[in-house]
Amino acid sequence: MPHPMDGLPKQVTVYEVGPRDGLQNESAIVPVEVKAEFIDRLADAGHKVIEATSFVHPKWVPQLADADELLTRLHRRPGVRYPVLVPNERGLDRALDRGVAEIAVFASATETFAAKNLNRSLESQFEMFEPVVARALDNGVRVRAYVSMCFGDPWEGPTPIAQVVRVGERLLGLGCHELSLGDTTGVGTPGHVTALIKAFRSPERLAVHFHDTYGQALGNTLAALRAGVTTVDASTGGIGGCPYAESATGNLATEDLVWMLQGLGIDTGLDLGKLVATSTWLAGLLGRPSPSRVVQALAKG
């Protein structure tokens, strides 16, 4: 039986990142037909936003080298959005060729991670994003922006809130409809989450993307919801992490998130039983159990 709490939204959008952020971190290459079925299962479970893949160069993320073929195989359902990540203008060209309606770009809040992940400085990364965002908007394509290392960087330590806000507000100013704040190494805590979100002018345009390295993802999510955020990134079964930050562990598991939100009486439109069945199916194909605590508990009956 749900037990609501004051100060929380009545509805939350779960932005599913498993097919992209999850599978890109698997050591094995998942067959394209399995990816297509995975995405279709997620839609059947009620997801309205499923990040399908990335148009990054196969040299950097070979697990997603089949992006073009995957998009041709997708059984697109009415009312479901299938955004893709694009790293640059070449990636945008591929996305536009495939008729993609929504993309995401990936920025850094710190100098070191910008250099390691984007081969850019903190400032010069915008030279790469500006034409991508402008051209996407000109073509009627919605743009989401991710910002990584928002709470801490393994090379630089804690990330100053003002620095994150400066990067994030600049991306929103380019025309991005949504900004996802990433706790890439999972070092954030609820007070830090609250302070960061309140430092932005428009919390309703923010999403949060937590990793569970220190077991803080659900607590951080609750803090974000209290601060006005209504979109939460999650990965079915808790798969994924960050290939460029060795200390990063898995994403917040969709099932763990939905269990908490259901207990709070918050609507997600998701069928938890179907999500658990999908994660159990995927875990069997990956050859390892799901790290999601809810999947482990419910799969045992």
Side-chain angles (χ1 to χ4, degrees), residues 13 15-26 29-44 47-108 117-120 124-148 171-180 182 207 209 231 233 235-236 240 243-244:
T13 297
Y15 188 103
E16 175 61 46
V17 300
R20 196 275 301 172
D21 193 25
L23 294 183
Q24 78 174 14
N25 290 287
E26 290 299 315
I29 303 296
V30 176
V32 67
E33 61 271 16
V34 173
K35 293 176 182 175
E37 181 177 351
F38 180 32
I39 292 171
D40 198 50
R41 283 172 174 256
L42 293 173
D44 186 58
H47 273 294
K48 297 301 181 186
V49 191
I50 306 167
E51 194 167 80
T53 187
S54 170
F55 281 121
V56 69
H57 196 287
K59 174 183 177 182
W60 303 115
V61 185
Q63 294 88 340
L64 302 182
D66 54 9
D68 290 285
E69 183 180 355
L70 175 63
L71 292 183
T72 64
R73 287 174 173 261
L74 280 187
H75 171 54
R76 298 177 185 272
R77 301 191 183 211
V80 180
R81 295 153 49 199
Y82 299 92
V84 302
L85 187 72
V86 301
N88 48 38
E89 286 198 87
R90 184 174 299 176
L92 176 63
D93 289 337
R94 293 172 63 192
L96 293 175
D97 287 344
R98 290 296 175 188
V100 169
E102 184 173 341
I103 66 165
V105 296
F106 198 88
S108 173
N117 191 38
L118 303 172
N119 198 29
R120 299 274 179 148
S124 69
Q125 65 179 329
F126 294 101
E127 298 172 3
M128 182 168 59
F129 302 136
E130 287 170 355
V132 172
V133 175
R135 285 184 55 210
L137 296 177
D138 286 345
N139 281 274
V141 174
R142 286 162 56 91
V143 184
R144 173 188 236 228
Y146 287 100
V147 182
S148 57
L171 289 163
L172 289 171
L174 293 178
C176 297
H177 74 276
E178 185 172 76
L179 183 75
S180 178
H209 186 117
T231 299
D233 297 0
S235 175
T236 297
Y244 301 103

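Here the structure is a predicted model, which means the values were calculated and not measured.
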* To do: Please tell me if the side chains of Leu42 and Pro19 come closer than 4.5 Å, counting only heavy atoms from C-beta onward.
  =>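 Leu42 vs Pro19: side chains touch.
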
* Asked: CG of Asp138: more than 12 outside heavy atoms within 6.0 angstrom?
  ->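 More than 12 within 6.0 Å, yes.
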
* Asked: Phe129 ring centre to Arg120 NZ or CZ under 6.0 Å, with the angle to the axis within 45°?
  ->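 No; the conditions do not both hold, so Arg120 does not lie above the ring face of Phe129.
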
Atom [atom1] of [X] and atom [atom2] of [Y]: how far apart are they, to the nearest 0.5 Å?
X: Thr72; Y: Asp68; atom1: OG1; atom2: CG; value: 8.0 Å
X: His75; Y: Asp44; atom1: NE2; atom2: CG; value: 9.5 Å
X: Glu178; Y: Leu171; atom1: CD; atom2: CG; value: 12.5 Å
X: Ile103; Y: Arg142; atom1: CD1; atom2: CZ; value: 11.5 Å
X: Arg135; Y: Leu96; atom1: CZ; atom2: CG; value: 6.0 Å
X: Phe55; Y: Asp97; atom1: CZ; atom2: CG; value: 8.5 Å

* Derivation and outcome, side chain to side chain contact (heavy atoms under 4.5 Å, CB included), residues Leu71 and Val84 -> CA-CA 10 Å; Leu71 292 183; Val84 302; 4.2 Å; yes

* Should the pair Tyr146 and Phe106 be assigned to parallel (<30°), tilted (30 to 60°) or perpendicular (>60°) ring geometry? ->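 The arrangement is tilted - the two ring planes meet at 30° to 60°.
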
* **side-chain contact (heavy atoms from CB on, under 4.5 Å) partner of Tyr82, the single match among Leu70, Val49, Thr53, Ile50** =>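 It is Ile50; the other options fail the test.
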
* Asked: Is Arg144 salt-bridged to Asp233, going by a charged N under 4.0 Å from an acidic O?
  ->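 Salt bridge flag = yes for Asp233 with Arg144.
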
* Asked: Given Val80 and His47, is the side chain to side chain contact (heavy atoms under 4.5 Å, CB included) satisfied, shown in steps?
  -> CA-CA 7 Å; Val80 180; His47 273 294; 5.8 Å; no

Shortest non-hydrogen separation from [X] to [Y] and the atoms involved:
X: Val86; Y: Gly91; answer: CG1-O, 3.7 Å
X: Cys176; Y: Val133; answer: SG-CG2, 4.1 Å
X: Arg94; Y: Ala67; answer: NH2-CB, 4.2 Å
X: Glu16; Y: Thr236; answer: OE2-N, 2.8 Å
X: Gly79; Y: Lys48; answer: O-CD, 3.6 Å
X: Val56; Y: Pro87; answer: CA-CG, 3.8 Å

* Determine, step by step, whether Asp21 and Ser235 satisfy the side chain to side chain contact (heavy atoms under 4.5 Å, CB included) criterion, reporting the C-alpha distance in whole Å, the side-chain angles of both residues, the deciding distance to 0.1 Å, and the verdict. => CA-CA 8 Å; Asp21 193 25; Ser235 175; over 6 Å; no

Has [X] got a side-chain atom pairing as donor or acceptor with [Y]'s backbone, closer than 3.5 angstrom?
X: Glu26; Y: Gln63; result: no
X: Glu69; Y: Val32; result: no
X: Glu51; Y: Leu85; result: no
X: Asn88; Y: Arg90; result: yes
X: Ser180; Y: Ala145; result: no

* Asked: Only one of Arg77, Lys35, Arg73 forms a salt bridge (charged side-chain N to carboxylate O under 4.0 Å, His left out) with Asp40, so which one is it?
  ->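 So the option named by the test is Arg77.
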
* To do: Could you check Phe38 against Leu23 for side chain to side chain contact (heavy atoms under 4.5 Å, CB included), going step by step and ending with a plain yes or no?
  => CA-CA 11 Å; Phe38 180 32; Leu23 294 183; 4.1 Å; yes

